[in-house]
Protein chains: 2
Amino acid sequence: MAFQALADPSRRAMVERLVQGPASVSELAKPLAMSLPGVMQHLAVLEASGLVVTEKIGRTRTCRLEPKVLTRAEQWIADRRALWERRFDRLAQYLDETKDE
Amino acid sequence: MAFQALADPSRRAMVERLVQGPASVSELAKPLAMSLPGVMQHLAVLEASGLVVTEKIGRTRTCRLEPKVLTRAEQWIADRRALWERRFDRLAQYLDETKDE
DNA sequence: CCCATACTTAAGTTGATACTTAAGTATTGT
DNA sequence: ACAATACTTAAGTATCAACTTAAGTATGGG
């Protein structure tokens, strides 16, 4: 679900903001040419994915990044890339070993 | 566009298959409880994202992974995670420096 | 030449996404 | 108490995404 969450540019912008530290909903909304409810919906997706956790204190909700899910997504890619590279190396090795033909 | 492409489980399955080496369209389709045109559409998304390149020889189209885009996506996450960790470190340092209060 | 193979194109359906506006509900400052 | 702030909920619309079936187009083997 993390890739799904990161697929939208507005949500990526929100993540980029939260990388700098916690923010309220309206702080997240400010740079986003979009109504507040629109932002709330994106925030809900980010929370559902586990990328962001929020806590409401008084009338403001504070949002912060939860990097575990970010790490998992990164790891998924890294693992696949590693597999691909391993295969590529085996191929190179094979080509090298049979170059006498 | 890479996150968008990786957001769908069928497309991730296709990527996982291609990590093992090139495959034809029908090889990609085989494990996928889906019609061939359905697979073609996913393949088009993967190609548009640059994650996969294909080449048609005779009547079979061979698909292979292009890891550059995978690396870019990985890097995007790694960069944000690094920023987040840097901020976290600064915070810890700040808390440490002011702990006399 | 003929038929099976391997895709490809077109078109349609369904459901999910990305918004919107309008009308709430709590909290806070005066 | 009252008004402003900070979200929240509900409901509606429009576009996109993920399929489907039906009907093609090459290509390759016999």
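Here is how names work: the chains are called A, B, and so on, in the same order as the sequence lines, proteins then strands, and each is numbered from 1.
The distance from atom CE of A/M1 to atom P of C/dA16 is 12 Å, rounded to the nearest whole Å. At whole-Å resolution of the value, CD in B/E27 and C1' in C/dT5 are 14 Å apart. The interatomic distance linking A/R12 (CZ) with C/dA18 (P) rounds to 11 Å, in whole Å. To the nearest angstrom, P of D/dC7 lies 9 Å from CZ of A/R61. Whole-Å rounding puts the A/Q4 CD to C/dG15 C1' distance at 13 Å. Taking atom CZ of residue A/R11 and atom C1' of nucleotide C/dT17, one finds them 8 Å apart after rounding to whole Å. Distance, B/L32 CG to D/dA18 P: 13 Å, rounded to whole Å. Residue A/E47 contributes atom CD, which lies 13 Å from atom C1' of D/dC7 at whole-angstrom precision.
Annotation: of the two residues near DNA chain C, B/M40 and A/V39, the 5′-most nearest-nucleotide partner is B/M40.
Judged by distance alone, with hydrogens and angles left aside, the side-chain atoms of B/R61 form no donor-acceptor pair with the main-chain N or O of B/I57 at under 3.5 Å.
Taking CE from A/M34 and CE from A/M40, the interatomic distance works out to 13.0 Å, rounded to the nearest 0.5 Å. Atom CG in B/L28 sits 5.0 Å away from atom SG in B/C63 (nearest 0.5 Å). The distance from the CG atom of A/L70 to the CG atom of A/L6 is 6.5 Å, given to the nearest 0.5 Å.
When each of D/dA6, C/dT8, D/dT8 is scored by its nearest atom to the side-chain atoms of A/S26, the top-ranked nucleotide is D/dA6.
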If a protein heavy atom is under 4.0 Å from the base, mark B; if only from the sugar-phosphate, S; if neither, -; do that for nucleotides 21-30 of chain D going 5' to 3'. BB----BS--
Does A/E85 form a salt bridge (charged side-chain N to carboxylate O under 4.0 Å, His left out) with A/R81? I'd like the steps, not just the answer. CA-CA 6 Å; A/E85 276 160 7; A/R81 204 163 51 79; 3.0 Å; yes
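Here B/S24 does not reach the OP1 or OP2 of C/dA6: none of its side-chain N or O atoms lies under 4.0 Å away. Under 4.0 angstrom from either OP1 or OP2 of C/dT8 there lies at least one side-chain N or O belonging to B/K56. OP1 or OP2 of D/dC19 sits under 4.0 Å from a side-chain N or O of B/S10. OP1 or OP2 of D/dC19 has at least one side-chain nitrogen or oxygen of B/H42 nearer than 4.0 Å.
Aromatic ring orientation, A/F3 versus B/F3: parallel (interplanar angle below 30°, classes split at 30° and 60°).
Using modelled atom types, one finds no donor on one side chain facing an acceptor on the other under 3.5 Å when comparing B/S49 with B/Q4.
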